[in-house]
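Worksheet for the structure shown next.
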Amino acid sequence: MGLIPEKFLEIFEKLGKKELIAKKLIGSTEYEGELGEIINPYTKEVTTKYVKCSVEDAKEALNVAKAAFENTKKSPLSQRIAWINDVADKLEERKEEFAKFITLEVAKPISQAKVEVQRCIENLRICAAEGYHILGETIPTDATPSGAKTTSFYKRVPAGVVVAITPFNFPLNLVAHKIAPALIAGNSVVLKPTPEAPYTAYAIAKLFIDSEYAIKDALSVVYGDADVGSTLVTSSIPRVISFTGSVPVGKIITQNAGIKKVALELGGNAATFVESTADLDWAAQRCAIGAFANSGQVCISLQRIYVDEKIYDEFAEKLGKESSKLKVGNPFEEDTFMGPLINEDAAIRAENWIKSAVKEGARIIAGGKREGNILEPTILADVTDDMKIVCEEVFAPIVSLVKVKSYEEALEKMNNSPYGLQYSMFSNRIDLMQIAIDDFEAGGVIINDIPTLRFDIQPYGGVKLSGIGREGPRYAIEEMTEIKTIIIR
């Protein structure tokens, strides 16, 4: 089909397993170990080959980062700001190319891949601007009678080595969300990207490493599975572990990381309440986008819709019509909205969840069929609280409609979840909006739009099992720095 980028194969076979453990090793002409293959979820063709790193490679990368930190922490902030802006400039020049990388590896529809690249550029520029605001403040030590007559202040300093572990669903922008704040704060970084998109991570990391403003050895990349991840997490070298991924892996990291700063952006079970005064056309249009963008493979993908019983049938009909407008299929076509899931196992798992819900009494009002990796946008009605499909994170293009009698009932059901990433509500009642902002147990609350809405400049993260800490440039910088207090007598 002409979709295999042969130069990708050539690059990876030439570079070998140590290609991005510090700049000095780029261009290695030999490789050892097992080659991994990335098969495009839609074409089923090989698009990338890479050499899987070993535990020893991970240790080497950590030692390189430890040595590099002696330079990164002393580097001028002006250089780091110029560095991040330079990467943004280079990415701007190659944004069409990077969008293709994403689609070739994870089959995200090309139109959405382009949006991800643009968001990444904006994210980098925001991060560079936040470099001017890594601030401290003076402390009035004489505010109490026991306080000494001293000059006291605190400043933010880089934490040290940052290990960044990223997922497949946003293989470019979520890499930038971790390494850009870490580097601008003066840290060194070891990046372990998703095994599903090694070339996308390679391409963005190479922009950082090849920049004229780069700090030597400040960024390394290692590929690998659980053994490599465990080596990075349990090592005494990193000071910060920043992870985006599943709750089970997040729990393992928490249990094994030791005394480190740990930032976890984990799963979600995003919900919205459609209240009787809502604009139903708008709500249905937005809910279809929120439930099915990126095939539902988003932490804040809309999974649960609680609908006032007075408008339930009308809203269900409108949502079904909106979902039928979405083009499903070839992710390389500009007008495709939804492509395949990341692999067939994920699609089969989601299909089985649908079958299980139907056996328990749910009703399919749209979609429900699977062909290979592609699952149709699926809407389930008559879903009850005890069904697995509303209790767990689906991570697939499935959304459930639940009928409720009141806001209070919707609130109870929404909050009755182990997750709490983002919730939303559609309503024209200002009084109810104000109440919901305080009532919803989530890291983010959106009014009159979907919980899938996120802007990269905002603080982003969840409560309960959805994670610890916040992303977004300013807030990630805080996670990746320490406060140092100074007293001058």
Side-chain angles (χ1 to χ4, degrees), residues 72-73 75-89 91 116 118-139 153-166 170 172-189 191 204 208 213 215 218-219 238-244 260-266 268 299-300 420-422 437 442-446 451-463 466-485:
T72 61
K73 68 181 181 181
S75 62
L77 179 57
S78 59
Q79 177 184 356
R80 287 178 262 141
I81 291 171
W83 188 10
I84 305 302
N85 276 323
D86 183 54
V87 174
D89 291 342
L91 185 57
E116 180 175 349
Q118 186 58 45
R119 279 184 60 186
C120 185
I121 294 166
E122 295 169 357
N123 185 14
L124 291 169
R125 297 204 188 284
I126 293 167
C127 191
E130 285 296 337
Y132 294 105
H133 303 287
I134 304 176
L135 307 174
E137 63 180 54
T138 56
I139 303 165
F153 63 95
Y154 76 82
K155 59 185 292 188
R156 285 198 170 270
V157 297
V161 175
V162 174
V163 166
I165 304 174
T166 57
F170 291 88
L172 182 70
N173 197 29
L174 290 186
V175 167
H177 260 294
K178 297 187 186 299
I179 63 176
L183 293 174
I184 203 157
N187 301 290
S188 58
V189 181
L191 169 67
I204 184 67
F208 277 93
Y213 303 102
I215 302 167
L219 173 62
R239 178 61 181 160
V240 180
I241 307 294
S242 181
F243 170 78
T244 298
K260 300 182 179 75
K261 300 184 76 174
V262 177
L264 305 174
E265 198 276 278
L266 305 176
C299 293
I300 43 177
L421 196 45
Q422 294 202 160
I437 289 170
V445 175
I446 295 89
T452 325
L453 189 65
R454 174 189 178 183
F455 299 106
D456 294 299
I457 197 170
Q458 74 182 66
Y460 174 76
V463 299
S466 287
I468 301 170
R470 293 293 181 268
E471 289 200 337
R474 172 183 171 185
Y475 312 96
I477 289 170
E478 292 177 356
E479 301 285 351
M480 297 175 182
T481 53
E482 307 273 17
I483 288 177
K484 178 179 283 188
T485 301

Here the gap from Y213 atom OH to N85 atom CG, rounded to the nearest 0.5 Å, amounts to 9.5 Å

Would you check if the side chain of [X] reaches a backbone N or O of [Y] as a donor-acceptor pair within less than 3.5 Å?
X	Y	value
S466	G420	yes
W83	I184	no
K261	E479	yes
E265	E471	no

From CA spacing to verdict: side chain to side chain contact (heavy atoms under 4.5 Å, CB included), I204, V87: CA-CA 8 Å; I204 184 67; V87 174; 4.1 Å; yes

If you look at every heavy atom in [X] and [Y], which pair is closest and at what distance?
X	Y	answer
T72	G186	OG1-O, 2.8 Å
L124	F208	CD2-CZ, 3.9 Å
C127	I84	CB-CG2, 4.5 Å
I300	L453	CD1-O, 4.4 Å
R454	G472	NH2-N, 4.4 Å
A185	I477	CB-CG2, 4.3 Å

Mind checking side chain to side chain donor-acceptor pair (under 3.5 Å) for [X] and listing every partner two or more places apart, or none if nothing turns up?
X	value
R474	none
T244	K178
R156	T481

Heavy-atom side-chain contact between [X] and [Y] under 4.5 Å:
X	Y	value
N123	P473	yes
V240	N187	no
H177	F170	no
F243	L266	yes
I468	V262	no
S242	M480	yes
C120	L91	yes
L183	R80	no

- With salt bridge (Lys or Arg N to Asp or Glu O under 4.0 Å) as the test, would you mind laying out the steps for R125 and D89 before giving the verdict? CA-CA 9 Å; R125 297 204 188 284; D89 291 342; 2.9 Å; yes

(request) Count the heavy atoms belonging to other residues, nucleotides or ligands that lie under 6.0 Å from CD1 of I81, then report whether that count exceeds 12. (result)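 Enclosed.
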
Sorted by chain and residue number, the salt bridge (charged side-chain N to carboxylate O under 4.0 Å, His left out) partners of E122 (sequence neighbours excluded) come out as none

Fill in: side chain to side chain contact (heavy atoms under 4.5 Å, CB included) assessment of V445 paired with Q422
CA-CA 6 Å; V445 175; Q422 294 202 160; over 6 Å; no

The side chain to side chain contact (heavy atoms under 4.5 Å, CB included) partners of T485 (sequence neighbours excluded) come to I139, S152, Y154, I483

Give the table of side-chain donor-acceptor pairs shorter than 3.5 Å for residues 128-137, with sequence neighbours excluded, one pair per line with atom names and distance.
none

**Message:** The test is salt bridge (Lys or Arg N to Asp or Glu O under 4.0 Å); show your working for R239 and E482 and say whether it passes.
**Reply:** CA-CA 10 Å; R239 178 61 181 160; E482 307 273 17; 2.6 Å; yes

